[in-house]
Protein chains: 2
Amino acid sequence: MRSGIMTSMAVPNPIVDTLERAGQRLTGPRRAVAELIVAREGTFTAADLVADARVRRLGIGRATVFRSIELLAGLGAVERVDLPSGDHAYVTCIPAHHHHVICARCGRTAEIGDIGVGTLARSVTRLTGFRVDEHHLELFGLCPECQLAEDR
Amino acid sequence: MRSGIMTSMAVPNPIVDTLERAGQRLTGPRRAVAELIVAREGTFTAADLVADARVRRLGIGRATVFRSIELLAGLGAVERVDLPSGDHAYVTCIPAHHHHVICARCGRTAEIGDIGVGTLARSVTRLTGFRVDEHHLELFGLCPECQLAEDR
DNA sequence: GTTTTTGCAAACCATTTGCAGGGTC
DNA sequence: GACCCTGCAAATGGTTTGCAAAAAC
């Protein structure tokens, strides 16, 4: 795959779009990080991106990768998830209320809309008296492909 | 060695029970950590316990605190939760399938049984084809007390 | 008595920060 | 041209590890 670093106007990059829409500066390094993220399917860690950048010899420093991820997380373009392993990873996502299912084998993810967690939160309030303001739901399992692979 | 300090055989400690049941060695430091955990209401971090131990002048090292927490997490006596702040904290819990609501203000928690996340997982499978094996649900909000405090 | 656990300190590793130079708007 | 962003390297802070002494079974 080519990435030509950042000349591909042809390939639409939703993350770059998010940056533009938010009025953030579209710098070379940010575009590059955006490309790296889009090039990855599934979850990725900061270290993954640093490694990717290194392999492709983009001269991007660790700090910039971390700062870009932070920026994107703030904009809701990526979301931090805590893997069962304890690692911090990120997933790209459309900025809307939703959740992810994460494949424990390949890291691929699927987005799912608000599947009734709100209702669930309401019943928690009824049961405990706690007011629920926020929630994190992460589902882990196997994607269809990896289920097949497992059966072999 | 036995930590003096908290010799209360009278106070039943569910965490100590868990250790015994699991056939783990009941060492002084482990008991002490168990006591510290029980003494805390709500979430706590490894650093909290280290500080507590220090204040009470139990001669317990950082490493031991981390190792004990790890052990207890493996046994399901405590569970790791990732706070919205990004910190890693732990909550004590009864080893059964359940979730927690965490007060964002005081850290107090309430346990809740399986409130239909299973059903929810099933519908995710239907929608995405992912097999769901595991899930993390954390709810954050305000406990009854802190709601009152806020209104003031 | 054998095996496991502990405390200490050093090692690690991921993430953050200070700062001078360079890029973006 | 002003201000923001970047890279580098050093600092940070949480967590882990190696090892000899001590405790548990």
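In what follows, chains carry the letters A, B, and so on, assigned in the order in which the sequence lines appear, proteins first and then strands, with residues in each chain numbered from 1.
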When rounded to whole Å, the CD to P distance for the pair A:Q24 and D:dC4 reads 11 Å
OP1 or OP2 of D:dC5 less than 4.0 angstrom from a side-chain nitrogen or oxygen of A:T64, does that happen here?
no
Need one value for A:A47: base, sugar-phosphate or nothing, where a base atom within 4.0 Å counts as base even if backbone is also close, heavy atoms only.
nothing
Can you tell me how far C1' of D:dA24 sits from CZ of B:R30, to the nearest Å?
10 Å
Could you check how far CZ of A:R62 sits from C1' of D:dC8, rounded to whole Å?
9 Å
Can a salt bridge be assigned to the pair B:R131 and B:D133 using a cut-off of 4.0 Å between side-chain N and carboxylate O?
yes
All N/O donor-acceptor pairs, side-chain side in residues 66-78 of chain A, below 3.5 Å, sequence neighbours left out:
residue, atom, partner, partner atom, Å
A:S68, OG, A:T64, O, 2.8

Taking OP1 and OP2 of D:dC4, is either one under 4.0 Å from a side-chain nitrogen or oxygen of A:T27?
no
With distance as the sole test, does A:Q147 use its side chain to make a donor-acceptor pair with the main-chain N or O of B:G129 at under 3.5 Å?
yes
Rounded to the nearest angstrom, tell me the gap between atom CZ in A:R67 and atom C1' in D:dT6.
6 Å
Which residue, B:R80 or A:A63, contacts DNA chain D at a nucleotide closer to its 5' end, judged by nearest heavy atom?
A:A63
With a 4.5 Å limit on heavy-atom distance, are the side chains of B:D82 and A:R80 in contact?
no
Atom CD1 of A:I60 and atom P of C:dG22: how far apart are they, to the nearest Å?
18 Å
NE2 of B:H88 versus C1' of C:dT15: gap in Å, rounded?
12 Å
Within-4.5 Å side-chain heavy-atom neighbours: A:L83 and A:F140
yes
Among C:dG7, D:dT6, D:dC4, the one nearest any side-chain atom of A:R25 is D:dC4
Short question: side chain of A:E41, backbone of A:R108 - any donor-acceptor pair under 3.5 Å?
no
Starting at atom CZ of B:F66, determine the distance to atom C1' of D:dT15, rounded to an integer number of angstrom.
5 Å
Bend across the helix from C:dG1-D:dC25 to C:dC25-D:dG1, to 10°, with axes taken over 5 pairs at each end?
50°
Specify the separation, in whole Å, of atom CG of B:L19 and atom C1' of C:dT4.
14 Å
For a quick check under 3.5 Å, do A:H99 and B:H135 share a side-chain donor-acceptor pair by atom type?
no
